[in-house]
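Inspection log for the structure reproduced underneath, given as structure tokens.
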Amino acid sequence: MAVTPKIAPSMLSSDFANLATEAQRMLDFGADWLHMDIMDGHFVPNLTIGAPVIESLRKHTKAYLDCHLMVTNPLDYVEPLAKAGASGFTFHVETSKNDWKELIQRIKSHGMRPGISLKPGTPIEEVFPLVEAENPVEMVLVMTVEPGFGGQKFMPEMMDKVSPPSFCTYT
Ligand SMILES: O=C(CO)[C@@H](O)[C@H](O)COP(=O)(O)O
């Protein structure tokens, strides 16, 4: 199946006082999606944006808002982010061991696209059940940095998680 790469720059390094302008600049440079890093200061030691910022940005762009939920309780964010206009809702496998089926169902029923993310220390096999499920996620976000901050050094060893053998084994 041919996969078309998409460019989804993280807005984490934006001037948040001018987010709409920064977002348009990314789109003018050819971004397909806008990657929105949502952090709760609990799952990761940083606090960024939430539904109100997504809602404000949605008033200025029709772009795909690819929300990455670095939060301990992703279920709490489904309805607020759907109402705010989020397009994608990617949660972490480390925070959803027991309720990922409900999460996927809720995300989809609220009109958003479910994705799953995993930290560098989490084996890729942990997300296979969510990819293989009858009602699966539609994207896997392999973290190549520790979640929580921008500007970190790329971890090339993470590429083993996205090499064909890992998924060929799965498929
Ligand atoms: O989730 C994260 C970091 O927690 C990623 O979205 C990127 O690490 C954002 O930072 P830069 O791309 O600016 O380094």
Side-chain angles (χ1 to χ4, degrees), residues 3-58 60-61 63-78 80-82 84-97 100 103-104 107 112-124 126-127 130-131 137-163 166:
V3 176
T4 311
K6 292 209 179 299
I7 298 174
S10 164
M11 300 305 290
L12 186 58
S13 301
S14 298
D15 168 6
F16 281 108
N18 294 291
L19 188 57
T21 305
E22 299 264 76
Q24 190 54 53
R25 196 155 67 94
M26 291 299 102
L27 297 167
D28 292 346
F29 279 130
D32 297 296
W33 296 355
L34 299 174
H35 184 79
M36 310 301 296
D37 288 304
I38 296 176
M39 303 179 192
D40 65 359
H42 185 260
F43 176 66
V44 293
N46 197 3
L47 188 61
T48 56
I49 61 171
V53 173
I54 299 298
E55 185 177 9
S56 296
L57 180 59
R58 178 51 79 207
H60 297 273
T61 183
Y64 187 95
L65 300 181
D66 168 39
C67 295
H68 175 195
L69 279 291
M70 289 164 275
V71 302
T72 300
N73 300 302
L75 264 177
D76 296 345
Y77 294 76
V78 173
L81 280 175
S87 311
F89 186 111
T90 298
F91 57 95
H92 268 262
V93 70
E94 300 89 355
T95 66
S96 54
K97 298 229 188 286
W100 59 264
L103 251 168
I104 295 170
I107 292 163
M112 297 182 288
R113 190 162 181 247
I116 191 68
S117 183
L118 62 161
K119 296 164 78 169
T122 302
I124 189 67
E126 296 267 322
V127 305
L130 289 83
V131 174
V137 292
E138 297 174 18
M139 183 175 82
V140 177
L141 173 57
V142 175
M143 296 296 294
T144 58
V145 296
E146 282 303 328
F149 297 92
Q152 299 178 69
K153 192 171 182 306
F154 178 77
M155 300 166 73
E157 63 274 27
M158 290 299 116
M159 293 314 290
D160 291 343
K161 290 185 180 179
V162 293
S163 61
S166 63

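As the structure lists them, so they are numbered: ligands from 1, and atoms in each ligand from 1.
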Original post:
Should Val78 and Met112 be marked as a side chain to side chain contact (heavy atoms under 4.5 Å, CB included) after you check the CA-CA gap, both sets of side-chain angles, and the distance that decides it?
Top reply: CA-CA 9 Å; Val78 173; Met112 297 182 288; 3.9 Å; yes
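Listed for the Glu22 side chain is no donor-acceptor partner under 3.5 Å among the backbone atoms of Met11. Remark: side-chain polar atoms of Lys161 are not paired, donor with acceptor, to backbone N or O of Thr144 under 3.5 angstrom. Judged purely by atom type and a 3.5 angstrom limit, Asp66 has no side-chain atom pairing as donor or acceptor with the backbone of Gly88. Between the side chain of Asn73 and the main chain of Leu75, no donor-acceptor pair closer than 3.5 Å is present.
Taking atom 3 (C) of ligand 1 as the reference point, the nearest protein heavy-atom neighbour is Phe149 O, 3.4 Å. Nearest non-hydrogen protein atom to atom 10 (O) of ligand 1 is Gly150 CA, 3.1 Å. Protein heavy atom closest to atom 14 (O) of ligand 1, with residue, atom name and distance, is Gly151 N, 2.8 Å. The closest protein non-hydrogen atom to atom 12 (O) of ligand 1 is Ser10 CB, 4.0 Å.
Residue Gly148 approaches ligand 1 through these ligand atoms, each under 4.0 Å from one of its heavy atoms: 3 (C), 4 (O). Within the listing of ligand 1, atoms 8 (O) sit less than 4.0 angstrom from a heavy atom of Val145. Which parts of ligand 1 touch His68 is read off a 4.0 Å heavy-atom cut-off, strictly below it: atoms 1 (O). When each atom of ligand 1 is checked for a heavy atom of Ser13 under 4.0 Å away, the hits are 13 (O). Those atoms of ligand 1 that come under 4.0 Å of a heavy atom in His35, given as number and element, are 6 (O). Interface atoms of ligand 1 facing Pro147, defined by a heavy-atom separation under 4.0 Å, are 4 (O).
Checking only distances, Asp37 does come within under 3.5 Å of ligand 1, N or O to N or O. Of the polar atoms of Met39, none of the N or O atoms is found under 3.5 Å from an N or O of ligand 1, judged by distance alone.
Taking the charged nitrogens against the carboxylate oxygens, Arg58 and Glu55 have no contact shorter than 4.0 Å, which rules out a salt bridge.
Side-chain atoms of Thr48 and Asn46, non-hydrogen and from C-beta on, do get closer than 4.5 Å to each other.
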